[in-house]
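A, B, ... follow the sequence lines: proteins, then strands. Residue 1 opens every chain.
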Amino acid sequence: MTVGKNEVEYVASLARITLSEEEKVMYTEQFNTILEYIHMLNKLELDEVEPTTHVLPLHNVLRKDLVKVSTQKIIEQVLEEAPEKEKFLFRVPSIIE
Amino acid sequence: MELYELTACQAANALAKKEVTACDLTESIYKRIAAVEDKIKGFITVREKQEALSEAVQVQDSLEKGDKLASLRGIPMTLKDNICTLNLPTTCGSKMLQGYYPPYDAHVTEKLQEAGTILVGKSNMDEFAMGSSTENSSFYPTLNPWNQHYVPGGSSGGSAALVAARETFFALGSDTGGSVRQPASLCGVVGFKPTYGLVSRYGLIAFASSLDQIGTLTRDVRDCAMVLDIIAGHDSRDSTSVPREKENYSRDLEKSSSSFRVGIPRECFGQGVEEDVKKAVKRGIEKCQQIGTVIEEISFPHNEHALPAYYLVATAESSSNLARYDGIQYGFRSKKAENLHDLYRKTREEGFGPEVKRRVMLGTYALSSGYYDAYYLKALKVRTIIRKDFEKIFEDHDFVIMPTSPTVAFAMGEKVDDPLTMYLNDIFTVPANLAGLPAISIPCGFSRGLPVGLQVVGRPFDEKRLLQFSYKLESLLQVKDIKPDIAEVGQTDIS
C-alpha cells in the first residue's frame, strides 16, 4: 500500500492545512517511508484481539449541575487572547454571502 | 560551592536549618541563568527576577511556620511550556501560541504554588511536544549541556537541559512517548513518568490524551520523590485522574525489601542499540545483583511493534486535539485569509511547523474512511498485546530494566530530515505509555563523554517501590554527582 501525492493533498484538505508543492512531494515520500515501517504490524495475528483505547477503565465522571460564577473579568481575560474581537464577540470572516 | 549546585532536597534542608534563605537560592539560580543560558537556550520565557524574588520574600516569611523538612517550600523550579501558567506565556514551543496567556493555571502549577516553590520560567520544547531533540521548537533548539554540538533530546529537552546545567533545581515535563525519560537520559538527569492517571492533566496542553502524563526532571531520585509528593493526587477536573489514597513517596524512600525480582528483556539489547549503551546498562544491572536483586532474562516479544502502534495512536489523537487551533478564539491567525475555510487552512499552514503538520496529517490519514481498520484499529489491538506482554512479565517480576534510549545524544541536525530515524529514538520508551505504566530513567554511565540512561518500568501505581528500588540503584551507580562543565559567560571557551 503506497500513498500518492493526490492522497497527501486529500489528507491535507481534511486536516485544513495548505501545503506548498515542495511540501506535497516531501510529505508523500516521508509518508511512504513511515507507512512501510508501520506495515510490520500486518504480520501480527490480531483477529481475536480486543482493541485498547484507554489503559484505565473509563466511566462517566458526574458532578452536580451547579451554576458557577463567570465573571466579567474571566470573559475579558479570554477575549484578551482573541486574534480579532468586537465588543464581547470573536470576529471571523463573513460566512454567508 | 555555589547554591545552585545543591539538589532540591539539600537546598530545602539548608533552608530549614536557616543556613540560607529562599531569596539566596533564587538569586543563585538567576546568577547561573545569566552565566550559562546563552549556551543552553533551555528557556522560552524567564520570569522577571524581581517578581520571583518578591515571591521568595513572601515564602521566606511563611517558612518560619509549618512543616519544613521534606518540603520544597522556597525552591526555584521550571515548568515545560505546555503546562498552563496564568501569569507567564504558555507557547507549547509553537508560533501558533506565541505570547499566549492561558486564562487559568494547570493543576500542577497550582499544586507547586501551594507548596511554596518559586517558578523561574518556562522551558523550551519540541512544538506541541512532538519530537525527540527539541529541534522542532518554533523558536530555537536547546543545546545539550554536556556538549553543545549535540541535542538534549526531547520533547522536554529544555527542562532536562536546565536541570543538568543547574539553571533550575527541578523541572516538570510531559511524557507521551518518552518525552521526559529520553531527554533525561541524554542530559544525565533523572526523568520520571508516573502511572497514567496519577497526576492530573488539567492545564497540560493536550497532544495524545490517552498517553500524555506529566513527569518530573530532577537531579536525583530523592528530588523526584519529593516533587511527586506535591503533584500526585486526584483532581476532579481531569476525568482520567484516578481517585486513590495519597501516598508519601519521599518519606519511605530508604526503606525497602531487598528481594526484588527484575526482568531483563533480551529484545532490548539487540541490533540498533549502541555497544556503550548496552555496556553501561548491563553494568547497572550487575550492581542490582549486589543488593540481592534477582535478575532474570525475559522476553518482551512485541517491543518492536510498540513503536509503529504508538505512532498511529499518538498521531490519530493529535489530529483531533490540534483541530482546535483554527485561528478563531486564541493564538495565531493568518492575515492572508479571505474566507473562513481559507482562514483555517492558512492559519494552520503558517502557524504549525513541519513535524506537527506531518503528524496531524498522518493521524488524519490513519483515522480516515477506508484506512481506519487497517491502521488505527490495528494499532489499538497492538496496544492490547503490549499490555498483556507486561501483565505476563509482572506476574513474577517487580520491575523491568532496559535502556531508556538506544543511543546517547546525537549531533544537532543529524536526524532532523529523517523522521523515521528520529522516531526510532523512542523505541524503548513508548511501551510504558501504551500500557500506562510508571517508568524512570536514571543516569548509569557515559559514552564518549555523553550520559547513558537506564530505564526501570514498574507495575501500575507501584511508584513507591519503583522509587525505593531506583534510589538504591542510584546510590550504587555513583554517577549522579558527575556534572557537565559549561563555560560561563566571560570564560574562554577552549572547546
Pairs where residues 49-97 of chain A contributes a residue and the test ring pair (Phe, Tyr, Trp, His ring centres under 6.0 Å) is met, not counting sequence neighbours: A/H54-B/Y196
Greater than 12 external heavy atoms within 6.0 Å of A/K85's NZ: yes
Residue B/V242 versus chain A: region with a heavy atom under 4.5 Å: side chain
Heavy-atom pairs under 4.5 Å with chain B, option from A/A82, A/P83, A/A15, A/A12 with the top count: A/P83
Whether B/T90 side chain and B/C84 backbone form a donor-acceptor pair below 3.5 Å: no
Contacts of type side-chain contact (heavy atoms from CB on, under 4.5 Å), residue A/L44, not counting sequence neighbours: A/L41, A/L46, B/H302, B/H305, B/V382
Structural part of B/L312 lying under 4.5 Å from a heavy atom of chain A: side chain
Residue among A/K43, A/E7, A/M26 with most heavy-atom pairs under 4.5 Å to chain B: A/E7
From A/T71 atom OG1 to A/Q77 atom CD, the distance as rounded to the nearest 0.5 Å: 7.5 Å
Using residues 353-363 of chain B as the side-chain source, report each donor-acceptor pair under 3.5 Å to any protein atom, sequence neighbours left out, with the distance given to one decimal.
| residue | atom | partner | partner atom | Å |
| --- | --- | --- | --- | --- |
| B/E355 | OE1 | B/R358 | NE | 3.0 |
| B/E355 | OE1 | B/R358 | NH2 | 2.7 |
| B/E355 | OE2 | B/R359 | NE | 2.7 |
| B/E355 | OE2 | B/R359 | NH2 | 3.3 |
| B/E355 | OE2 | B/Y423 | OH | 2.8 |
| B/K357 | NZ | A/E23 | OE2 | 3.3 |
| B/K357 | NZ | B/E349 | O | 2.9 |
| B/R358 | NH1 | A/Q30 | OE1 | 2.6 |

Worked check of salt bridge (Lys or Arg N to Asp or Glu O under 4.0 Å) between B/K388 and B/E391: CA-CA 5 Å; B/K388 291 198 167 151; B/E391 277 168 20; over 6 Å; no
Region of B/D417 in contact with chain A, defined by heavy-atom distances below 4.5 Å: backbone
Interchain contact, A/L79 with chain B, by part (heavy-atom threshold 4.5 Å): neither
Most contacts with chain B, counted as non-hydrogen pairs under 4.5 angstrom, among A/V61, A/L14, A/L56, A/I34: A/L56
Any side-chain donor near an acceptor of the partner, B/S209 and B/E317, under 3.5 Å: no
Portion of B/L434 that has a non-hydrogen atom of chain A nearer than 4.5 angstrom: backbone
Straight-line distance of B/L343 CG to A/R16 CZ, nearest 0.5 Å: 12.0 Å
Contacting region of B/L97 [heavy-atom separation from chain A under 4.5 Å]: neither
For A/K5, the option from A/E29, A/E22, A/E21 that meets salt bridge (charged side-chain N to carboxylate O under 4.0 Å, His left out): A/E21
Which atoms of A/I38 approach chain B - backbone, side chain, both or neither, heavy atom under 4.5 Å: both
Lys/Arg cation over aromatic B/Y202: B/R237, 6.0 Å, 45° cone: yes
Chain B interface, residue from A/T18, A/V11, A/V49, A/V8 that has the most non-hydrogen pairs under 4.5 Å: A/T18
Interface residues of residues 319-335 of chain B facing chain A - heavy atom cut-off under 4.5 Å: B/G327, B/I328, B/Q329, B/Y330, B/G331, B/R333
Smallest separation among heavy atoms of B/A306 and B/I386, with atom names: CB-CD1, 3.7 Å
Portion of B/E350 that has a non-hydrogen atom of chain A nearer than 4.5 angstrom: neither
